[in-house]
Amino acid sequence: MKGSLKAVITGTGSYLPDQIVTNDDLAKQVDTNDEWIRTRTGIRERRVLAEDLATSDMCIEAARKALEDAGIAAADLDLIIVGTVTSDMLFPSTACLVQHRLEALKAAAFDVSAGCTGFLYGLVTAAQFLETGMYRTALVIGADTLSRVIDWSDRSTCVLFGDGAGAVVLEAVSNTDYGILGSYLGADGSGAHLLNLPGGGSRCPATRDSVEKGLHHLRMEGKEVFKFAVKTMGEAALHVLKECGLSQEDVDFLIPHQANLRIVDAALKRLELPSDRVYTNLEKYGNMSSASVPVALDEAARLGKFQKGNLLLLIAFGAGLTWGGVALRWAK
Ligand code: ACO
């Protein structure tokens with residue numbers, strides 16, 4: 001069976017909160033300005049989730065659109081994976097909450113924690129189940145509500161992030177030229193300290209002291225993460241292409257993790273790709289962590305950017321440190 005089955009994306013969906021926070025809005029809260037944020041990151045505005053909603057609520061909206069797009073009923077799903085670092089609770093998984101609300105009664109469900117690479121880690125994991133023939137249909141979601149864990153008084157991080165969710169339906173298809181052709185995942189835990197949220201886990205449980213020390217906020221050494229990102233985005237892309245026996249010229253569209261326009265530009269340069277082969281939306285949404293890649297994929301697909309048979313290259317990096325890439329032939 002293995003070898004004849006491929007994991008094919010048959011539906012996409014996304015959800016963005018209604019509330020828009022512009023750079024000028026942030027300049028009223030911290031010592032920053034629109035010009036600094038735009039020139040250093042490319043971001044103009046981001047979305048922030050309403051207080052009474054959580055990550056699973058965004059997952060549900062994105063999932064329903066992806067299921068509708070694929071023409072699949074939730075009851076037919078065999079597997080649900082959510083890539084997130086801002087689950088509703090420490091446990092159970094957000095995937096289980098989604099499974100229940102979608103009434104996807106036969107689906108196994110679990111979360112993947114790989115920072116901004118979470119969606120790609122989830123996509124590659126789901127693809128393995130489909131390619132082996134164990135499951136036929138999977139839902140993979142990337143969703144994060146980083147607004148809940150940002151220190152809104154820290155200008156070096158609060159300007160960068162936004163909330164959102166993106167989802168894809170994957171189906172196992174036999175003897176097809178379309179679908180996921182190859183993938184690559186990397187990790188280097190020696191960089192765990194560069195981007196993390198130390199409070200609330202077993203090493204540093206929530207106490208009055210941990211809250212007073214701000215340990216429940218995202219911490220990042222931006223410059224180091226920047227250098228890592230520039231190196232690994234290009235590496236991941238080249239690694240996947242080589243594995244598939246393809247080269248840069250074969251790439252029709254690059255869908256990179258949307259953290260910083262300068263990082264995206266560096267990846268384009270490394271791959272020697274013209275700027276019309278990349279889809280970016282970070283000017284509108286900022287860095288949505290795990291949601292960045294699937295939201296960009298859904299937006300570009302719905303804008304009619306892809307043609308059937310196009311080669312798409314998805315690449316990301318994130319906390320862990322982690323990074324990865326997926327090459328796929330668009331089937332819709
Ligand atoms: N407004 C104005 N000034 C600022 C701001 C701000 N919002 N933030 C920092 N500055 C100041 C700094 O204090 C510093 O001032 P100083 O020179 O007087 O000390 C100056 O601007 C330069 O700061 P740098 O940190 O050197 O700025 P840099 O050019 O490196 O850009 C940035 C910072 C945008 C964070 C960049 O390093 C970056 O994008 N890093 C990667 C971050 C990233 O991708 N994170 C996502 C990881 S994925 C995940 O898993 C969540």
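First listed ligand is number 1; within each ligand, the first listed atom is number 1. Below, all heavy atoms of this structure are taken into account, side chains as well, without hydrogens, waters or symmetry copies. We're numbering straight along the sequence, starting at 1. A quick note: this is a predicted structure, and the numbers were derived from the prediction, not measured.
- In this structure, atom 46 (C) of ligand 1 has protein heavy atoms in its sub-4.0 angstrom surroundings.
- Within a 4.0 Å radius of atom 39 (O) of ligand 1, the protein contributes one or more non-hydrogen atoms.
- Close approach of ligand 1 to Gly115 is summarised as follows: ligand atoms under 4.0 Å from at least one heavy atom of the residue are 50 (O).
- Protein heavy atoms are absent from the 4.0 Å sphere centred on atom 25 (O) of ligand 1.
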Fill in: CA sep, side-chain torsions, deciding dist, call: Val264, Asn260, side-chain contact (heavy atoms from CB on, under 4.5 Å)
CA-CA 7 Å; Val264 173; Asn260 184 319; over 6 Å; no
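- For atom 1 (N) of ligand 1, a protein heavy-atom neighbour is present inside the 4.0 Å cut-off.
- Counting protein heavy atoms under 4.0 angstrom from atom 32 (C) of ligand 1 gives zero.
- A heavy-atom distance below 4.5 Å is found between the side chains of Arg302 and Lys65.
- Where the criterion is an N or O separation shorter than 3.5 Å, residue side chain and backbone included, Asn260 meets it with respect to ligand 1.
- With a 4.0 Å heavy-atom cut-off, ligand 1 is reached by the side chain of Ile263 but not by its N, CA, C or O.
- The salt bridge (Lys or Arg N to Asp or Glu O under 4.0 Å) pairs that include a residue from residues 253-279 number zero, where partners must be two or more places apart or lie in different chains.
- Look at Asp144 and you'll find every heavy atom at least 4.0 Å from all atoms of ligand 1.
- Within the structure, ligand 1 has Ser156 among the residues with a heavy atom less than 4.0 angstrom away.
- A cation-pi geometry, defined here as NZ or CZ lying under 6.0 Å from the six-membered ring centre and within 45° of its normal, does not hold between Lys332 and Phe306.
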Worksheet entry | Full working for ring-ring contact (aromatic ring centres under 6.0 Å, His included) between Trp323 and Phe228 | CA-CA 10 Å; Trp323 61 97; Phe228 152 76; 5.7 Å; yes
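- Under the 4.5 Å side-chain heavy-atom criterion for ILVMFWY residues, a single connected hydrophobic cluster contains both Leu314 and Ile180.
- If you check which protein heavy atom lies closest to atom 29 (O) of ligand 1, you get Arg40 NH1, 2.7 Å.
- Distance from atom 44 (O) of ligand 1 to its nearest protein heavy atom, with residue and atom name: Ala259 CB, 3.4 Å.
- Protein heavy atom at the shortest distance from atom 36 (C) of ligand 1 is Phe226 CD1, 4.0 Å.
- Of all protein heavy atoms, the one lying nearest to atom 41 (C) of ligand 1 is Gly222 O, 3.5 Å.
- Within the 4.0 Å heavy-atom criterion, the part of Leu195 lying near ligand 1 is the side chain and not the backbone.
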Fill in: Working for salt bridge (Lys or Arg N to Asp or Glu O under 4.0 Å), residues Asp34 and Arg44
CA-CA 7 Å; Asp34 175 58; Arg44 291 175 185 272; 5.5 Å; no
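- Of the protein's heavy atoms, Trp36 CZ2, 3.5 Å lies nearest to atom 9 (C) of ligand 1.
- For atom 35 (C) of ligand 1, the closest non-hydrogen atom of the protein is Leu160 CD1, 3.9 Å.
- Here the protein heavy atom with the shortest distance to atom 49 (C) of ligand 1 is Cys116 SG, 2.3 Å.
- Summarising the contacts of atom 42 (C) of ligand 1 with Arg155, Lys227, Met220, the nearest heavy atom is found in Met220.
- Near Thr41, with a cut-off below 4.0 Å to any heavy atom, the atoms of ligand 1 are 34 (C).
- The Val225 neighbourhood of ligand 1 comprises atoms 43 (C), 45 (N), 47 (C), with distances under 4.0 Å to a heavy atom of that residue.
- In this structure, the separation between CG on Asp88 and SG on Cys96 is 11.5 Å, given to the nearest 0.5 Å.
- Within the structure, the closest approach of Ile37 to ligand 1 does not fall below 4.0 Å when heavy atoms are considered.
- Not a single protein heavy atom sits closer than 4.0 Å to atom 17 (O) of ligand 1.
- Both the backbone and the side chain of Thr32 come within 4.0 Å of ligand 1, counting heavy atoms alone.
- Ranking protein heavy atoms by distance to atom 30 (O) of ligand 1, first place goes to Lys223 NZ, 3.5 Å.
- The proximity of Asn287 to ligand 1, defined as any non-hydrogen pair under 4.0 Å, is limited to the side chain.
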